[in-house]
Amino acid sequence: MKKAVLASAVLATLTSGIANAATVYQDDTNSLKIGGRAEARFNVSDNHKYDSAGNENGNDTFKDKSRARINLKGKSDITDSLTAFGTYELEVKDGKGQAIDTRYLFAGLDTNFGAFSYGQQDSAQVILTDFTDILATFGGDAADLISGNGDKKQNNFVYSGNFDALTVTANYIVNENDKKDTRSYGLSAVYELPFGLDFGAGYVGGKESADTDVNQYNLVARYSLENFMVSGLYAGGKSETGSTKTDLTGYELAAAYQLNQFIFQGVYNKQQAKVDGKKTDNQDYIAIEGIYKINSSLRTYAGYKFNQLDKNTDKSANNDELQAGIRFDF
């Protein structure tokens, strides 16, 4: 296929609202796939009525949170044992004049010994935190005790290897968000047993500033039986700035059950920090959710978050929330 024809196919897919998941180009050694989503959603909460200082800001409880995503994935075979690959994903939120947010942008080489890549991509711990980060609406808020534990990290070198039932991932982040004197390194492993039990562990450490050292470890387990799944995560870590030491802990529990086209699921998230013996809860909530899959492309969902934190401590964040939407994948 000529480059001009390929470019036209890409542009047509990007600008069309009716495209299905598609391989827009493929030959014996190269392929390019385009996908994405259009997601119309809203959130209802008293959080929207207050600013961070606790003062009323004149807004209503209703807030639109719609978004759209486009992703491109390409690969090219160099030899029988060496393949180049690249991924780009962007997101645009609702409203006019919104900036394009780059979610993922990385490229690398896949070999017989694993895949090596560099760019904006997930840390080695995300394969673990995904055990309990399962909801379309809420969740995944207690696991990241330190920055290097998270997803979509810039300046990120990643290795991933699959060895039968074992998956090993490692990463190193240089000057996160281009900030001097910041770095992070991590290692994780997940083992899948043949009767539906998976478990994993990981460690991440580094510096969040010139004088702040951080570390975190993660332990996860998941059990699946037919249409039922239950999983759990425990995270522990420390942050040290000079003589100030902060102990960090995080807990996440998740469960899901699928009945035909319905999915019912829920999570519990709790994150706590302790300084000089005094504990502070950063996250503490239960969330439940229902999803109805109309077909492979279209789904609707609704979720409710029962916030257990003191509403008077932060009126802009500690209230209950209702979120619902309809999502089309292409």
Side-chain angles (χ1 to χ4, degrees), residues 52 87-89 91 101-109 114-133 139-161 167-190 200-220 233-252 269-284 314 317:
S52 58
T87 295
Y88 175 54
E89 181 172 298
E91 178 175 291
D101 178 33
T102 297
R103 288 172 48 83
Y104 293 98
L105 175 56
F106 61 88
L109 294 171
F116 302 83
S117 57
Y118 170 75
Q120 183 169 326
Q121 52 190 327
D122 293 339
S123 76
Q125 309 306 308
V126 173
I127 192 174
L128 304 177
T129 60
D130 279 349
F131 273 47
T132 51
D133 186 9
D141 292 318
D144 294 341
L145 306 178
I146 65 175
S147 177
N149 199 75
D151 57 6
K152 298 180 284 292
K153 294 298 180 181
Q154 297 177 356
N155 307 339
N156 192 7
F157 296 86
V158 175
Y159 164 79
S160 181
T167 300
V168 177
T169 311
N171 80 294
Y172 183 75
I173 301 171
V174 184
N175 293 340
E176 184 177 354
N177 297 324
D178 296 325
K179 294 180 180 178
K180 184 181 179 182
D181 298 321
T182 61
R183 61 179 179 272
S184 176
Y185 53 88
L187 178 67
S188 69
V190 172
Y203 178 83
V204 56
K207 298 181 74 69
E208 292 189 349
S209 68
D211 56 354
T212 301
D213 296 296
V214 295
N215 65 74
Q216 175 179 342
Y217 64 90
N218 300 297
L219 301 172
V220 297
L233 173 146
Y234 174 78
K238 292 182 181 294
S239 175
E240 298 186 18
T241 304
S243 60
T244 302
K245 297 182 180 180
T246 304
D247 293 318
L248 305 164
T249 54
Y251 312 85
E252 293 188 1
N269 279 209
K270 185 178 180 67
Q271 187 187 94
Q272 195 172 72
K274 184 173 72 171
V275 182
D276 297 328
K278 182 180 179 180
K279 295 181 179 180
T280 302
D281 290 337
N282 299 323
Q283 299 285 344
D284 188 2
D314 187 351

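Each residue takes its place number in the sequence, starting with 1.
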So that I can tick it off, tell me whether Asp181 and Lys207 are bridged by a salt bridge, with the cut-off set at under 4.0 angstrom between side-chain N and carboxylate O. no

Is Glu176 paired with Arg183 through a side-chain N to carboxylate O contact shorter than 4.0 Å?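 No salt bridge links Arg183 with Glu176.
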
How about CG on Asp211, more than 12 heavy atoms from neighbouring residues, nucleotides or ligands closer than 6.0 Å, or not? yes

Taking Thr129 for its side chain and Ala143 for its backbone only, find out whether a donor-acceptor pair lies under 3.5 Å. no

Are [X] and [Y] linked by a side-chain donor-acceptor pair shorter than 3.5 Å?
{"X": "Asn156", "Y": "Gln121", "value": "no"}
{"X": "Lys270", "Y": "Thr249", "value": "no"}
{"X": "Gln216", "Y": "Asn218", "value": "yes"}

Please tell me whether Tyr104 and Tyr88 form a close aromatic pair, meaning their ring centres lie under 6.0 Å apart.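 No, ring centres 6.0 Å or more apart.
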
Between Tyr172 and Tyr185, is the gap from one ring center to the other below 6.0 Å?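 Tyr172 vs Tyr185: aromatic centres not under 6.0 Å.
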
Mind running side-chain contact (heavy atoms from CB on, under 4.5 Å) on Val158 and Phe106 for me, showing each step along the way? CA-CA 10 Å; Val158 175; Phe106 61 88; over 6 Å; no

What's the verdict on side-chain contact (heavy atoms from CB on, under 4.5 Å) for Leu187 and Val168, showing C-alpha distance, side-chain angles and the deciding distance? CA-CA 8 Å; Leu187 178 67; Val168 177; 4.0 Å; yes

Which residues satisfy the ring pair (Phe, Tyr, Trp, His ring centres under 6.0 Å) test with Tyr203, sequence neighbours excluded? none

Given side-chain hydrogen bond (donor to acceptor under 3.5 Å, both in side chains), test Asp141 with Asn269 step by step and report yes or no. CA-CA 7 Å; Asp141 292 318; Asn269 279 209; over 6 Å; no

Nearest heavy-atom contact between Gly250 and Leu145 is N-CD2, 3.9 Å

